Novice: 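Pasting a structure here, questions to come.
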Amino acid sequence: MGIAPKLFDTHCHLAMPELREDLDSVLDRAYLEGVKGVLAVASNEEDSLISIDIAKNYSEVVWGASVGIHPHEAERYSGKIPLDLQDQAERNPVVAVGETGLDYYYDNSPRELQRELFVAHIGLAKQVEKPLIMHIRDAFGDAYAILREEGLPQKGGIVHCFSGTYDDVKKALDMGLYISFSGILTFPKASELREAAKKIPVDRLLCETDAPYLAPVPKRGKRNEPSFVKYVYEVLASVKGVTVEGMAEQIYLNIKTLFGGVV
Ligand SMILES: [Zn+2]
Ligand SMILES: [Zn+2]
C-alpha cells in the first residue's frame, strides 16, 4: 500500500443541524478516510458564527471557515451584509467569503436583492483580501457581468458545486477562477458535466461535498458528509485519466495556491 492521498473537502456545511448533531463522528470518519482538511462554509449570519467555532474546536480536520450569506437568504438581509459579519470576516480562522452568488433556478429571493448582496460580498472579499466562494445557478450571464463590473477580488475565488456546461465555465477560467465539483459529477446522467470537467485544466480543479446535500454515488440519497468526498475525487481522477493519488496531489497544490499555506 502506498501513502494514502490527502483529501480536502473545500465546501461543507458543518454548521447545519444535520451534520452538527454528530460532528465528532462525522469528522472522525472523514479523518479516517484521509480527509485532512474541511472548509466549513456558511450560508447566513448565524451559521457563520457557528462555522468559526467549529473551525476553532476541530482544527485538526477543519482548516478554516467562511462567512457569508447564501443568495437564497438575500431577502432576509435586504441585499446588505450585516456589520457583525463584516467584522467576523477579518478574523482567524476565516479563510474565505461566501457562499454568495446568484440562484435563478430556485429564485428563493428576489433577483435584485441577490445581485446587491453578491456585489456586497465581492466588496467584502476585497476588503479582507480573501477568496470568494460563489454559488451560481442558471445565472452565469449576470454573475460574469457583475464580476466584470466590480472587478474580481485580488485573491480570486471558486465557482462551487459547478453543474453547467463547459461554455458556462469558460469565462470563469479566463478570469482565473477555480472550479469545484461536488457529488453531482458522480451521477449517471451527468455526462455533460464530466465532459466539461475533462476540458478544465487540472490546476483549476477542486473537490467538495456540499454536505449535507448531494451525496455522491454510491451514497446517493443519504445524508452527505465529508468522508464521501473520496467518491468525487475518484470520478474526477478517472475523467482526467490520472490516479486518485495524482488527483489528490494536484488539488492539494491548487488549494495551497488559492488559499496560501494551508495544512
Ligand atoms: Zn451553493
Ligand atoms: Zn453550499
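Everything numeric here is computed off the predicted structure, so don't read it as measured data. Counting convention: from 1, in listed order, for ligands and their atoms alike. These values consider heavy atoms only, across backbone and side chains, with no hydrogens, waters or symmetry-generated copies.
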Novice: Between Arg223 and Asp22, does at least one N-O distance fall below 4.0 Å, as a salt bridge requires?
Specialist: yes

Novice: Using 2.8 Å as the threshold, say whether any N, O or S atom from His160 sits that close to the Zn ion (ligand 1).
Specialist: yes

Novice: May I ask you to check if any N/O/S atom from His11 comes under 2.8 Å of the Zn ion (ligand 2)?
Specialist: yes

Novice: Nearest N/O/S atom of Asp210 with respect to the Zn ion (ligand 2), by atom name, please.
Specialist: OD1

Novice: Are Arg76 and Glu46 close enough for a salt bridge, meaning some N to O gap below 4.0 Å?
Specialist: yes

Novice: Checking one value in my table: which N/O/S atom of Glu99 lies closest to the Zn ion (ligand 1)?
Specialist: OE1

Novice: In Å, rounded to the nearest 0.5 Å, how long is the span from CG of Asp9 to CG of Asp210?
Specialist: 8.5 Å

Novice: Is the shortest heavy-atom distance from the side chain of Val202 to the side chain of Val242 under 4.5 Å?
Specialist: no

Novice: Regarding His135, does it place an N, O or S atom less than 2.8 Å from the Zn ion (ligand 1)?
Specialist: yes

Novice: If every non-hydrogen atom of Lys240 is compared with every non-hydrogen atom of Leu205, which pair is closest and at what distance?
Specialist: CE-CD1, 3.9 Å

